[in-house]
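One is the number of the first residue; the rest follow in order along the sequence.
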Amino acid sequence: MKTIKQFFVFLLVTGIAVGALAQRPTIRYGSNAGAGNFVSIRGFRMYYEVYGSGKPLLLIHGNGGSIKDFQHQISYFARNYKVIVADSRAQGKSVDTSDTLTYEMMADDLNALLTTLRVDSCYVIGWSDGGINGLLLAMRHPEKVKKLAITGTNTSPDTTALDPVFFRWMINANDSLAKLPQTRTVKDQQKLLTLMMNNPHISSADLKQVNCPTLVIGGDHDVIPVSHTMAIAQAIPQAYLWILPNSGHSTLITYKAMFNQVVSDFFNRSYRSIKGMARLD
């Protein structure tokens with residue numbers, strides 16, 4: 001029983017069940033035959049869905065998550081954007097039988113998806129590990145990212161970047177998974193946990209390579225310490241910082257209406273560098 005409870009908590013924390021926290025949408029995001037498709041890229045079949053029309057916007061989910069986690073964002077942004085949202089490898093409907101997984105690998109997957117869809121550049125929203133992928137996409141394929149909004153993102157796998165309680169929980173959850181029958185699902189969960197426990201390794205010097213305007217977002221009670229979120233924003237040359245009060249990791253659910261509006265405004269306005277006496281405005 002204890003193992004089952006731990007595994008259920010794992011699903012909640014990593015985002016697989018995040019969509020269940022909100023009211024079920026009319027459209028079954030993540031399982032919509034009218035909008036979904038598979039593409040074979042880089043050794044696996046990636047599942048993705050496309051909604052709306054206009055400037056391309058890529059949504060990147062977190063560890064253990066899927067397309068459905070963006071149910072409150074897809075419907076909003078599809079009014080003005082061509083929204084592209086995919087299940088990252090080994091998550092959702094994207095099956096990956098490889099033994100290893102890296103954030104760099106997933107960033108390159110997204111680049112390949114955009115190339116396949118003939119998208120030269122796009123706006124990007126990344127949640128949690130999706131924020132890590134967004135940063136790496138902007139660093140490794142800078143031409144692909146016009147503007148980037150990330151929330152609940154860490155750049156190192158230690159207790160300076162993750163709450164110590166959560167960090168210990170990941171280790172215990174991984175130990176519990178090792179005792180379960182080694183099905184494909186369990187192996188994928190172990191692969192995802194191992195990824196979080198040992199990665200990423202993005203330095204402040206690396207973040208200076210992010211040359212697109214970036215909105216760095218976090219909850220004031222996120223599992224990512226506010227000090228770490230601030231450090232990310234301070235290292236990126238053109239960055240804004242937004243810390244939401246009374247919010248944990250799920251800023252884009254807890255504050256869905258405000259989140260969508262602020263991010264939309266960020267995408268629509270030119271980045272403004274505020275220096276000197278202008279800081280009094």
Worksheet entry | More than 12 heavy atoms of other groups within 6.0 Å of Lys55 NZ |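 Check fails, neighbour count at 12 or below.
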Worksheet item: Do other residues, nucleotides or ligands put more than 12 heavy atoms under 6.0 Å from the CG atom of Asn198?
Response: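 Yes, because the 6.0 Å sphere around CG of Asn198 holds more than 12 heavy atoms from other groups.
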Practice prompt. Please list, chain by chain and in numerical order, all residues satisfying ring pair (Phe, Tyr, Trp, His ring centres under 6.0 Å) with Tyr271, sequence neighbours excluded.
Written response: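 Tyr271 satisfies ring pair (Phe, Tyr, Trp, His ring centres under 6.0 Å) with Tyr240 once adjacent residues are dropped.
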Worksheet item: Can you name the ring pair (Phe, Tyr, Trp, His ring centres under 6.0 Å) partners of Tyr123, sequence neighbours left out?
Response: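 For Tyr123 the ring pair (Phe, Tyr, Trp, His ring centres under 6.0 Å) partners, ignoring immediate neighbours, are Tyr81, Phe267.
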Could you measure the distance from the [atom1] atom of [X] to the [atom2] atom of [Y]? Nearest 0.5 Å is fine.
X      : Y      : atom1 : atom2 : value
Lys68  : Ser31  : NZ    : OG    : 9.5 Å
Ile27  : Gln71  : CD1   : CD    : 11.0 Å
Met46  : Asn37  : CE    : CG    : 12.5 Å
Ile132 : Leu137 : CD1   : CG    : 13.5 Å
Cys122 : Leu114 : SG    : CG    : 4.5 Å
Ile232 : Ser204 : CD1   : OG    : 9.0 Å

Discussion item. According to side chain to side chain contact (heavy atoms under 4.5 Å, CB included), who are the partners of Met258, at least two apart in sequence or on a separate chain?
Written reply: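 Met258: side chain to side chain contact (heavy atoms under 4.5 Å, CB included) contacts with Trp242, Leu244, Tyr255, Val262.
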Ignoring hydrogens and angles, tell me if any N or O in the side chain of [X] forms a donor-acceptor pair with the backbone of [Y] under 3.5 Å.
X      : Y      : value
Glu143 : Asp120 : no
Gln182 : Lys187 : no
Ser98  : Thr100 : yes
Asn268 : Ser264 : yes
Lys147 : Phe266 : yes
Gln91  : Ser66  : no
His72  : Asp69  : no
His141 : Ala112 : no
Thr183 : Val186 : yes
Asn260 : Tyr76  : no

Regarding [X] and [Y], do their side chains bring together a donor and an acceptor under 3.5 Å, going by distance alone?
X      : Y      : answer
Gln190 : Asn174 : no
His61  : Asp129 : no
Thr115 : Lys144 : yes

Using the test side chain to side chain donor-acceptor pair (under 3.5 Å), find all partners of [X] that sit at least two apart in sequence or belong to another chain.
X      : result
Asp222 : His249
Thr102 : none
Ser203 : Asp206

Discussion item. Side chain to side chain contact (heavy atoms under 4.5 Å, CB included), that's the test. Do Ile125 and Leu58 meet it? Break it down for me.
Written reply: CA-CA 6 Å; Ile125 298 175; Leu58 175 68; over 6 Å; no
Ignoring hydrogens, what is the shortest heavy-atom contact between [X] and [Y]? Give both atom names and the distance.
X      : Y      : value
Gly62  : Ser128 : CA-CB, 4.1 Å
Pro157 : Pro200 : CD-O, 2.9 Å
Phe70  : Ile60  : CZ-O, 3.3 Å

Sequence neighbours left out, what passes salt bridge (charged side-chain N to carboxylate O under 4.0 Å, His left out) with [X]? Give chain and number order.
X      : result
Arg42  : Asp109
Lys191 : Asp96, Asp188
Arg168 : none

Worksheet item: Does anything in residues 30-57 pair up under ring-ring contact (aromatic ring centres under 6.0 Å, His included), and if so which pairs, sequence neighbours excluded?
Response: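 Sorted pair list: Tyr29-Tyr51, Phe38-Tyr47.
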Counting only pairs under 3.5 Å, give me each side-chain donor-acceptor contact of residues 207-216, with atom names and distances, residues two or more places apart or in other chains.
residue	atom	partner	partner atom	Å
Thr214	OG1	Cys212	O	3.0

Worksheet item: Would Met105 end up clustered with Val95 when hydrophobic side chains under 4.5 Å apart are linked, directly or stepwise?
Response: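 Result: no, two separate clusters.
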Worksheet item: Any salt bridge (charged side-chain N to carboxylate O under 4.0 Å, His left out) pairs touching residues 263-276, not counting sequence neighbours?
Response: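 Every pair satisfying salt bridge (charged side-chain N to carboxylate O under 4.0 Å, His left out) with a residue in residues 263-276: there are none.
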